[in-house]
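Below is one structure, written out as structure tokens, with a few remarks after it.
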Amino acid sequence: MKSLRSITILIFLLCAEAYLLSNVFPAILALLIATYILYVLFEFDPKIEAKREVERTLYEGKKAEVKLIVKNLTKKSYRAKLFENPDFGKTDEFIIKPGENGFSYYIIPSKGFYRIKGSLEIWDLRKLFRKKFKIPEIEIEVIPSVESLKEKARIRANFLSKSTLGISMLDFHSLREFQWGDELRMIDWKASARLGELIVKEFLKEWEGDIYVVFDASREMRKKLDFSLSILSQLLISLKGKRVGLVLHDEIGIKKIVEPREPIYLLKEIRISPIKSDPSLKIPDLRISKYMRLFLRKIPSLSLSLIKMPRKSLLIFLSDLSNSDELMRVFIEVKKDCKVIVISPNPVLFYRGEMNKEIILRLYKEYLKRDGIIKKLNRIVPTIDIGPNDFKKVIL
Amino acid sequence: MISAFSLIVLGIILDLKTPFIAPLIYILSYWRRDVFLISFIFFALFLGYEFSFENVYLLGVKDLSILIATLLLLEEGLEKRTGKIYYFLAFLAFFGLLLIEAVFLVTILTLMARFYQDRARKGLKALILPISLIFLFIVFASQIHVKSSLAQIIVISSVILLASALWFRRENFI
């Protein structure tokens, strides 16, 4: 178009020059050039059919080949340029010879569903005249690649672990295909929906230093002793091969500390008797006065003992949070040097008494209260609330 | 390339200075198209200023040679073509130093070769139309003794305006 305008301007300038100088030569030159333009115009009559060939499903960020098939139904060659909407990037100008021509180009798409419209701009070889031809629309679906899903899952998992759990205990490792025996809660449903097969998340678990299980042997926990011991034994089995210590405590203070050893030997150290009654729904407001403390000063307090734990240890608290205020103070203190995680059986879920309208309402209120405590604790340390049906799969 | 050699030969024969910049303009066409077109515009205007003839009836071989060589320069600048025939014709152009008709023959043969490669069909009709109009005018005008150069220029310009309306309409200039 620009070339044609320039030549048209030249033609009229030559006519003007011929008139001003009374010289026929520029006028005849202008006439010859105009005749030449007319020749190119009459010769330019392209007949083109075009279509695209591409896979209907592509992967995000991966180079995909698109084949453009152009049929030139005339006996002349033309210059062509492809325009697409949405634009996946520039394609170069190419020459279309008579007959069928195939051209390949590559696109790197972003995820989503696209309806690609396109047109082919055809020029004569001298690039004076052009004509546009539409290419039929195609639909493609771009799904996220496994690498991008892994990256997003890693960011999401690390964000959650840092913001909700307080510390990054569990680092996201990778995504892999579902295998028989994998926990259902590990399935990444979003990734699975996109890839069309079950995908599970794998986490890295890092322990630095020794591991201590801080077992709450208070009155309320002894009412759920069978469950607590089941959780403890499953924990210890999972920690096989690591050095695990035990800290046994109750409402008053430390009862026993067992130095780190093979986990299998720890269960026999717990010599406490169960209490056969229903768990109390109330969180007892147990305050030990300073006078009582004097009397009990030989019994080491929980916080004082845990402060002395080796740095970089992992402390797993198994407690129903019946003395949540004191525990919260302990968590804040020990969190400075050690990693802490809390597994807490929810007493509401362990209630086995008579159920009536009043009790259900009371249970609901207590559940909400406890939920608030768990949320408060989660801001300090990662806290997992469990019920009688939750075992290893929930905790681990 | 052939046009550049032909214009140099014509410049030597006709003692003109402007044709000697033709090779530079041809080389510019390899670099940038817009620069080539602007330089060609100036070349054509300077050539029109330097070379003159006052009457269509007095058109000779040298006038036609320079006209066709200038047109060929535009054609070669817009579209590059290769082939053994073009190298051969470029070589023949230098024989114009001995015989000016050789230049005319070389430029005409080059244009014909290019039209042949284009497989020209409808375009040949376009060539015939304005030339026929001019020819008719020349015949008619000689009967009524219109020999003034200005009148000839006006008639030629009118034909150009009519012809240009065809591509104006197609490209939506108006």
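Proteins get letters first, then strands, A, B, ... in listed order; numbering begins at 1 in each.
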From Lys2(A) NZ over to Arg33(B) CZ, what is the distance, rounded to the nearest 0.5 angstrom? 11.5 Å
From Ile68(B) atom CD1 to Leu32(A) atom CG, the distance as rounded to the nearest 0.5 Å: 7.0 Å
Supply the atom-to-atom distance Gln117(B) CD to Leu125(A) CG, rounded to the nearest 0.5 angstrom. 10.5 Å
I need the Leu74(B) CG to Leu10(A) CG distance, nearest 0.5 Å. 7.5 Å
With only heavy atoms counted, which part of Leu37(B) is less than 4.5 Å from chain A, the side chain, the backbone, both or neither? side chain
Can you find a heavy atom in the side chain of Arg126(A) that is under 4.5 Å from one in the side chain of Asp118(B)? yes
Quiz question: by atom type and distance under 3.5 Å, do the side chains of Tyr49(B) and Asn23(A) form a donor-acceptor pair? no
With a 4.5 angstrom heavy-atom cut-off, which part of Lys76(A) approaches chain B: side chain, backbone, both or neither? side chain
First locate atom CG of Leu31(A), then atom CD1 of Ile153(B), and finally report the distance between them rounded to the nearest 0.5 Å. 12.5 Å
Region of Asp34(B) in contact with chain A, defined by heavy-atom distances below 4.5 Å: neither
Using heavy atoms and a sub-4.5 Å threshold, report which of residues 11-20 of chain A line up against chain B, by residue number. Ile11(A), Phe12(A), Leu13(A), Leu14(A), Cys15(A), Glu17(A), Ala18(A), Tyr19(A)
Side chain / backbone / both / neither for Ile38(B) at chain A, heavy atoms under 4.5 Å: neither
Please classify the contact of Leu150(B) with chain A as side chain, backbone, both or neither, using a heavy-atom distance under 4.5 Å. side chain
Could you check whether any side-chain N or O of Asp63(B) sits under 3.5 Å from a backbone N or O of Phe25(A), counting only pairs where one atom can act as donor and the other as acceptor? no
Going from CG on Leu41(A) to OG on Ser164(B), what distance comes out if it is rounded to the nearest 0.5 angstrom? 11.5 Å
